[in-house]
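Just so you know, these numbers use all the heavy atoms, side chains as well, and skip hydrogens, waters and symmetry mates.
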Amino acid sequence: MRTRSVETTSDNMAGIGAFLRNAWNKEPVIMASCGIGLVGAILPFISPLTKYTAMLNAAVPYNYPVPVRDDGNMPDIPAHPREPKGRNLDWIKNL
């Protein structure tokens, strides 16, 4: 049994180029929509904004705090919303 190895040659590249040129000449709208779809699918993976979006989403709490009546025995609940409790978000300022 012989296995055929696939190599990129100039003939293969010329064939792909001919196919794309022929498809563009026959159906430019479909080719443009496929190109836009490929860019839309690939762009989030190569965009630097994806990293910062993930960091911001991780910093924002999923469950927002509900106002509670302070009886003086709640050290983990800030007395005022501006009181610095929780994780430090100074990294946002350094973007």
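- Rounding to the nearest 0.5 Å places CD1 of I16 at 11.0 Å from CG of D11.
- When atom types are taken as modelled, the side chain of T50 and the backbone of F45 share no donor-acceptor pair closer than 3.5 angstrom.
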Would you mind writing out the side-chain donor-acceptor pairs for residues 20-33 within the sub-3.5 Å range, not counting sequence neighbours?
residue, atom, partner, partner atom, Å
N25, ND2, R21, O, 3.2
S33, OG, V29, O, 3.3
S33, OG, I30, O, 2.8

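- Partners of I46 according to the side-chain contact (heavy atoms from CB on, under 4.5 Å) rule, which considers only residues two or more places apart in sequence or in another chain, are I42, L43.
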